[in-house]
Amino acid sequence: MPELPEVETVRAGLEPRLVGRRLERVEILDPRLTRPVEPAGVAAELEGERVAALGRRGKYLIVRFESRRVLLIHLRMTGQLLYANGDSPLAEDAHRRAVVRLDDGSDVIYRDVRRFGTWQLLEPDELDQYLAERLGGEPLIRAFTSKRLAEALAGRRAPVKAVLLDQRRVAGVGNIYADEALWRAGIHPLRPAAELEADEVAALRRGIRAALRAGIARRGATLSNYRTSDGSRGTMQEEFKVYGRACQPCERCGTPVEKIRAAGRGTWYCPLCQPRSPAP
DNA sequence: TTGGCGTCCTGGAGGC
DNA sequence: TGCCTCCAGGACGCCA
């Protein structure tokens, strides 16, 4: 499940390969990818565009063209962007959803087993509003302060885990890094968000940033489908503190990690380090 | 306005 | 061995 660290790893891997290159041929093989716009129309619009920059906001990859138009890519659950120079074993892959031939003869292949991913071609004036309507604070920039996080949590009776998964509150955090951040902060995932004290919000901010930075440093977490742009696996899954570790001892206190359901998602936490009620 | 649930989608695991 | 059911989850729409 690509979250912020995985998307950032893909972005960093593709940036030197893509920037400055012209899209010579674009094949979109899955009509779902560009819904509601016809894929043939999007492909035709993309051909001839030259890449000016490759950015990221939350879990979105932002391909900026010299024309100032933007291709917004979301990998959702199982999307992969793979760079191939020469013969690729993916040539006959059943899960290829799009193939982009660059003007140096190399390919960028979009693969997506569950077909949730999306490609959207936006005009220059559409991007800012599109992202502003969907995304909250970017957690790794200086402006993501404890005050900003407290504002995102304020008035929310929902479990803090659910609020962290809401991209309109905090951009880029998904199920894995929400659990890891809450463990680092010592906060139970079912605590109502608005009940967190100021010191807990500060700890949560530090936990979010530390978990995401660890993920980037390890090139993301490969549980099943995620791969970097060169097809290799991330190693963050070897560093998980709680995610997917039910019944295994907590690294801090040795208490077995428990699994519950929060916000409709599998959720792992340490019942001792992350008490249901805050310490008096 | 808020929170919870269903939907989309497919591969893999487990049970029979 | 083959079939069936359940589970995984990001974003979005719908409903209470």
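Basis for what follows: all heavy atoms, side chains included, without hydrogens, waters or symmetry-related copies. In what follows, every chain begins at residue 1, and chains take the letters A, B, ... in the order their sequences are listed.
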Sugar-phosphate, base or nothing in reach of A/Lys161, heavy atoms under 4.0 Å: nothing
Shortest non-hydrogen separation from A/Arg169 to A/Val163 and the atoms involved: CB-O, 3.7 Å
Minimal non-hydrogen separation, A/Asp112 against A/Leu75, with atom names: OD2-O, 4.3 Å
Of A/Tyr177, A/Trp268, A/Trp183, the residue whose pairing with A/Tyr243 passes ring pair (Phe, Tyr, Trp, His ring centres under 6.0 Å): A/Trp268
Short side-chain N/O contact from A/Arg156 to OP1 or OP2 of B/dG3, under 4.0 Å: yes
Residue pairs passing the salt bridge (Lys or Arg N to Asp or Glu O under 4.0 Å) test where at least one lies in residues 136-157 of chain A, sequence neighbours excluded: A/Arg56-A/Glu138, A/Arg57-A/Glu138, A/Lys147-A/Glu151
Partner residues of A/Arg17 under the side-chain contact (heavy atoms from CB on, under 4.5 Å) criterion, sequence neighbours left out: A/Tyr83
Sequence-aligned protein contact record of nucleotides 9-16 of chain C, with B where the base is within under 4.0 Å of a protein heavy atom and S where only the sugar-phosphate is: BBBS----
Between C1' of B/dT10 and CZ of A/Arg111, the distance in whole Å: 12 Å
A/Gln80 CD to B/dG11 P, straight-line distance once rounded to whole Å: 13 Å
A/His95 vs A/Ala263, nearer the 5' end of DNA chain B by closest nucleotide: A/Ala263
Within the 6.0 Å centroid threshold, strictly below: A/Tyr110 and A/Trp119: yes
